[in-house]
Amino acid sequence: MKFSPSTALALAGALAALPATFGFAGQKRASAYFNPADGGGSMLIDAGNGFGEPLNVIISGLSSPGVLNEDGLENYARAIGFSTECFGIHLGNPFPANLGDGHGWVNQTVELREDYGDASAGTCLESLIGGDHFRVYFQNGPSADSGAAFLAVSKEEPATDNHDIVPDGYNIGRDELVAGAVGTTSYNGVTYSTTAQNVTGLLPVGSNGVNHGIAIDGIVTVLTVTIQ
C-alpha cells in the first residue's frame with residue numbers, strides 16, 4: 001500500500017499523538033527530586049500560625065510523566081483511595097510551600113482526601129468523620145525543575161474536632177497512603193505500578209517547629225509510579 005507524502009505525514013502525526021492521548025506524554029526528567037533546602041526552601045509547609053507541616057511523601061520526578069500533573073495525579077490518587085474534596089468545596093486556608101525551585105512560596109495545587117472506597121462522594125464522609133488527606137505541590141520552577149510532586153500527608157480528626165491532626169498523625173497518614181499505593185493499582189482504565197523508598201535527612205526528627213506540636217520521625221517516602 002502506498003501513501004502520498006501528505007497522508008504519510010498525517011499518519012506520523014497521529015501516531016506521535018497517541019502517547020499523549022493515553023497519559024504517556026513527555027519525557028522523564030533526570031532527577032527524582034531536589035532538596036528544597038538547597039534552594040532556600042523548606043520541607044515544612046507554612047500552616048499560617050508560625051509552624052509547619054511536613055512534606056513527607058514525594059512522587060519522584062522519575063515517575064511516568066502522565067502522573068506528574070494535576071489531572072494525572074488526581075487519577076492516580078483515585079487509584080490509591082483518595083479523591084477531590086466533597087462537592088469541590090474547600091474549607092480552611094491553603095498552606096503554601098517553598099520547594100526551593102525559584103517559585104518561592106506557592107499555595108497547594110490541590111488537596112485530596114480519603115474516599116472510603118467511593119471516588120465520587122466518599123470524601124464527604126472523610127470531611128465528616130476524619131481520615132487521611134494530603135496537599136500537593138509540584139517542584140517545577142526554573143532553578144530546580146524535577147517535576148516531582150511533594151505531598152504533605154496527615155490523618156485528621158472528624159469535623160467535630162475541627163479536623164485537627166490525630167496524635168502521630170503525620171507519620172500515620174504517610175504510612176497509610178504508602179500502604180495503599182505500593183504495588184499495582186488502577187482507575188479509569190489506567191494501571192499503575194508503584195515502588196517506595198524511605199529517605200532520611202530531608203526532614204528533622206521531633207516536634208520543633210511542627211504544627212500542633214506533633215513529633216515526626218524524619219522519614220520521607222519517595223514513590224516511583226510507572227504507568228503500565
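Numbering starts at 1 and runs along the sequence shown. Predicted model only: the values in this text are computed from it and were never measured.
The nearest pair of heavy atoms linking Ala215 to Asp168 is O-OD1, 4.1 Å. Of all heavy-atom pairs spanning Asn98 and Pro36, the tightest one is O-CB, 3.8 Å. Of all non-hydrogen atoms in Gly100 and Ala144, the two that sit nearest each other are O-CB, 3.7 Å. For the pair Ile214 and Gly169, the tightest heavy-atom approach, listed with the atom from each and the gap, is CG2-N, 4.1 Å. The shortest non-hydrogen separation linking Gly102 to Ser143 is N-OG, 3.1 Å. Between Gly180 and Thr185, the shortest heavy-atom distance links the atoms O-CG2, 3.8 Å.
Under the side chain to side chain donor-acceptor pair (under 3.5 Å) criterion, Tyr170 pairs with Glu53, not counting sequence neighbours. Partners of Glu74 under the side chain to side chain donor-acceptor pair (under 3.5 Å) rule, at least two apart in sequence or in another chain, do not exist in this structure.
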Worked check of side-chain contact (heavy atoms from CB on, under 4.5 Å) between Ile219 and Leu203: CA-CA 7 Å; Ile219 294 173; Leu203 278 172; over 6 Å; no

Stepwise side-chain contact (heavy atoms from CB on, under 4.5 Å) check, Asn140 with Asp101: CA-CA 7 Å; Asn140 55 12; Asp101 60 0; 4.0 Å; yes

For Asp46 and Trp105, run side-chain contact (heavy atoms from CB on, under 4.5 Å): C-alpha distance rounded to whole Å, both residues' side-chain angles, the deciding distance at 0.1 Å, then the answer. CA-CA 9 Å; Asp46 183 0; Trp105 291 92; 4.0 Å; yes

Step by step, would you call Thr184 with Thr191 a side-chain contact (heavy atoms from CB on, under 4.5 Å)? CA-CA 7 Å; Thr184 302; Thr191 299; 3.6 Å; yes

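Note: the hydrophobic cluster containing Met43 also contains Phe95 (ILVMFWY, side chain heavy atoms under 4.5 Å, direct or indirect links). No path of Ile, Leu, Val, Met, Phe, Trp and Tyr side chains, each step under 4.5 Å between heavy atoms, connects Phe138 with Phe34, placing them in separate hydrophobic clusters. Clustering ILVMFWY residues whenever any of their side-chain heavy atoms sit less than 4.5 angstrom apart, transitively, puts Ile227 in the very cluster that holds Phe82. Hydrophobic clustering (side-chain heavy atoms under 4.5 Å, transitive across Ile, Leu, Val, Met, Phe, Trp, Tyr) groups Val182 together with Tyr192. No continuous path of hydrophobic side-chain contacts links Leu151 to Ile58 [ILVMFWY only; heavy atoms under 4.5 Å].
Residue Phe51 qualifies as open at atom CZ: its count of foreign heavy atoms under 6.0 Å is 12 or below. No more than 12 heavy atoms of other residues, nucleotides or ligands lie within 6.0 Å of CG in Asn208, so this atom counts as exposed by the packing criterion. By the neighbour-count criterion of 12 heavy atoms within 6.0 Å, atom CD of Glu70 is densely surrounded, having more than that number from other residues, nucleotides or ligands.
Under the side chain to side chain contact (heavy atoms under 4.5 Å, CB included) test applied with Ile80, the options Leu112, Val178, Leu177 reduce to a single match, Leu177.
With contacts defined as side-chain heavy-atom distances shorter than 4.5 Å, the pair Leu68/Val225 does not qualify. With contacts defined as side-chain heavy-atom distances shorter than 4.5 Å, the pair Asn56/Asn171 does not qualify. Residues Arg113 and Asp132 are not in side-chain contact: their nearest non-hydrogen atoms beyond the backbone lie 4.5 Å or more apart. Annotation: side chain of Arg78 is not in contact with side chain of Ser186 (no heavy-atom distance under 4.5 Å). Using a 4.5 Å heavy-atom threshold, the side chains of Thr226 and Ser64 count as touching. Looking only at side-chain heavy atoms (C-beta outward), His133 and Glu114 stay at 4.5 Å or farther from each other. Using a 4.5 Å cut-off on side-chain heavy atoms (C-beta onward), Leu73 and Ile59 make contact. Under the 4.5 Å side-chain criterion, counting only non-hydrogen atoms from C-beta, Arg135 is not in contact with Val110.
Proximity of the aromatic rings of Tyr137 and Phe150 is defined here by a centroid distance below 6.0 angstrom, and this criterion is not met.
A distance of 11.5 Å separates CG of Asp145 from CG of Leu99, quoted to the nearest 0.5 Å. Taken to the nearest 0.5 Å, the CD atom of Gln197 stands 9.5 Å off from the OG atom of Ser60. With rounding to the nearest 0.5 Å, the separation of CD1 in Ile45 from CG in Leu55 is 6.0 Å. Between atom OH of residue Tyr33 and atom CG of residue Leu62 there is a gap of 10.5 Å, rounded to the nearest 0.5 Å. Between Leu223 atom CG and Ser63 atom OG the span is 7.5 Å, to the nearest 0.5 Å.
Within the 3.5 Å criterion, the main-chain N or O of Tyr187 finds a donor-acceptor partner in the side chain of Asn75.
A donor-acceptor pair shorter than 3.5 Å can be found between the side chains of Gln139 and Ser146. Of the N and O atoms on the side chains of Tyr76 and Thr194, at least one donor lies less than 3.5 Å from an acceptor on the other residue.
Within the structure, side-chain hydrogen bond (donor to acceptor under 3.5 Å, both in side chains) contacts touching residues 214-224 (residues at least two apart or in different chains) are Arg174-Asp217, Asn198-Thr221.
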